[in-house]
Amino acid sequence: MRIAIEDDFDLAKIAESGQCFRWTRCADGSWLIPYRRSRLRIARVGCNEGDACDGDAGEQAGGVFEVDCAGVEFSEVWRGYFDLDEDYRAVRSRIDPADDPFLFEAAEAQRGIRILRQDLWEVIVSFIISQNRNIPAIKRSVELLCEAAGERVADHGPDGGFYAFPSPEAVCALDGESLARCRLGYREGYVRAAAESVASGAVDLEALRSASDDEAFETLLGMRGIGIKVASCIALFGLHRVNAFPIDTWIKKVLAREYPDGFPFERYEPYNGICQQYLFAHYRTTMSD
DNA sequence: AGGCAGGTTCTTA
DNA sequence: TAAGAACCTGCC
């Protein structure tokens, strides 16, 4: 079926923003997006009525998309996953080009990014794995972990299906050798500890979801292998605390270069995390180009 | 061939 | 409280 999306929505930009590690792009340009026990195929097939259909500028601003699921599934699962009930244009409109030209430029260039509402457990593990590694290595390990312990789900996609992200219990059940094959390196112990904490109930994901920002942060920091940066990423991408502002090596450089007097967090409350995504993506693309 | 990677932990002053 | 080394592994 086809759906029209009016707000910012650019699949390639979201995929490159570094918040998710399992999206794949097919040869025909469509995207395959796994979430829990579902997988969506989605492709942009046109512009919204009345919009200028001119390349990248058009793609950032949503459009018409072909999805391989029913309307009910889209509205019950994927609408939430893509955070389509949040108005990103409104968030961007708070950025004043006179006050903050750098962020304004970043947000214009990176328009189309959204903060996905991913599975919390998957986000926890993925970002524990992410530390001190580059993106290809992170993706590789996440995929190996899914193959090692995830449930096989059949669908109409290529290969006839995919591996769901494994539950904490499934990770616990993995023997040492199988987990070692996921090439997690020294993070292996962290992942196992996290799985045991959640499986045993020592860490309650539902409680985490309803906790205050401070409480959630404290719980996350108590887990082995989770420091301030990873906890911020989990808060932003796993708990949808869109004011969380992860500071990694890239953001550190942007802040040092563009905000020597400090980033004006109070100006963008409670959407600092969205601003962080614009800054991060923009800085990375401009540096690698 | 090696440095370095979207950090965290552990050790030392 | 604050630096600095060590950590697995595999990209580039």
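Chain letters run A, B, ... following the sequence lines, proteins first and then strands; every chain starts at 1. Just so you know, these numbers use all the heavy atoms, side chains as well, and skip hydrogens, waters and symmetry mates.
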Practice prompt. Assign A/F127 to base, sugar-phosphate, or nothing according to its heavy-atom contacts below 4.0 angstrom with the strands shown.
Written response: nothing

Worksheet item: If you take atom types as modelled and just measure distance, does the side chain of A/Y283 reach the base of B/dG6 with a donor-acceptor pair under 3.5 Å?
Response: no

Response to the item:
Separation of C/dC11 atom P from A/F21 atom CZ, nearest Å, is 16 Å

Worksheet item: Looking at OH of A/Y259 and CZ of A/F265, how far apart are the two atoms once the value is rounded to the nearest 0.5 Å?
Response: 10.0 Å

Worksheet item: Is there a donor and acceptor pair closer than 3.5 Å between the side chain of A/R133 and the base of C/dC8?
Response: no

Discussion item. Stacking between A/W250 and B/dG6, defined as ring centres under 5.5 angstrom apart with planes under 30°, is that present or not?
Written reply: no

Practice prompt. Take atom C1' in B/dG2 and the same atom in C/dC8, then report the distance between them in whole Å.
Written response: 16 Å

Fill in: Interatomic distance, A/L184 CG vs B/dT8 C1' [rounded to whole Å]
15 Å

Item to complete: Pick base, sugar-phosphate or nothing for A/S126, based on heavy-atom distances below 4.0 Å to the nucleic acid.
Response: nothing

Worksheet item: Mapping A/C233 and A/I226 onto DNA chain B by nearest heavy atom, which one lands closer to the 5' end?
Response: A/C233

Worksheet item: Whole Å only: how far is the CD1 atom of A/I124 from the P atom of B/dG7?
Response: 19 Å

Practice prompt. Calculate the interatomic distance between A/I251 atom CD1 and B/dG7 atom P; express it in whole Å.
Written response: 12 Å

Worksheet entry | Near-strand residues of residues 172-181 of chain A, defined as heavy-atom separation under 4.0 angstrom from DNA chain B | none

Worksheet item: At under 4.0 Å between heavy atoms, what does A/I138 touch on the DNA or RNA strands: base, sugar-phosphate, or nothing?
Response: nothing

Worksheet item: Within 45 degrees of the axis of the six-membered ring of A/Y81 and under 6.0 Å from its centre: does A/R117 put its NZ or CZ there?
Response: no

Item to complete: Kindly indicate whether the side chain of A/E108, heavy atoms from C-beta on, has any atom under 4.5 Å from the side chain of A/I95.
Response: no

Discussion item. Whole angstroms only, please: what is the CZ-P distance between A/R284 and C/dC12?
Written reply: 11 Å

Practice prompt. For C/dC8, give its Watson-Crick or G-U wobble partner with both distances under 3.5 Å, or none.
Written response: none

Discussion item. What's the closest nucleotide to the side chain of A/R224 if the choices are B/dG6, B/dT9, B/dT8?
Written reply: B/dT9

Worksheet item: Roughly how far apart, to the nearest Å, are C/dG10 and B/dT9 at atom P?
Response: 23 Å

Discussion item. Classify the ring geometry of A/F82 against A/W78: parallel below 30°, tilted from 30° to 60°, perpendicular beyond 60°.
Written reply: tilted

Worksheet item: Roughly how many Å is it from CD in A/Q131 to P in B/dC10, rounded to a whole number?
Response: 12 Å

Worksheet item: A/R183 versus A/L144: any side-chain heavy-atom pair under 4.5 Å?
Response: yes

Discussion item. Rounded to the nearest 0.5 Å, what separates atom CD in A/E122 from atom CZ in A/F21?
Written reply: 9.5 Å

Discussion item. From the set C/dC8, B/dG6, B/dT9, return the single nucleotide nearest to any side-chain atom of A/R187.
Written reply: C/dC8

Discussion item. Counting C-beta onward and ignoring hydrogens, is there a side-chain heavy-atom pair between A/L103 and A/C275 closer than 4.5 Å?
Written reply: yes

Worksheet item: Would you call the rings of A/F65 and A/F9 parallel, tilted or perpendicular if under 30° counts as parallel and over 60° as perpendicular?
Response: perpendicular

Worksheet item: Hey, does A/F162 have a side-chain heavy atom less than 4.5 Å from the side chain of A/E147?
Response: no

Worksheet item: For A/R140 and C/dC8, what is the distance between atoms CZ and P respectively, to the nearest whole Å?
Response: 17 Å

Practice prompt. Counting Watson-Crick and G-U wobble pairs only, both distances under 3.5 Å, name the nucleotide matched with B/dG6, or none.
Written response: none

Worksheet item: Quick one: A/I128 CD1 to C/dC8 P, roughly how many Å, whole number?
Response: 16 Å

Discussion item. At 4.0 Å (heavy atoms only), tell me whether A/I135 reaches a base, stays on the sugar-phosphate, or touches nothing.
Written reply: base

Worksheet entry | Pairwise P distance for C/dC11 and B/dT8, with rounding to whole Å | 22 Å

Worksheet item: Quick one: on DNA chain C, does A/N132 or A/P136 contact a more 5' nucleotide (nearest heavy atom)?
Response: A/N132

Item to complete: Pick the P atom in B/dG3 and in C/dA5, then give their distance to the nearest Å.
Response: 15 Å

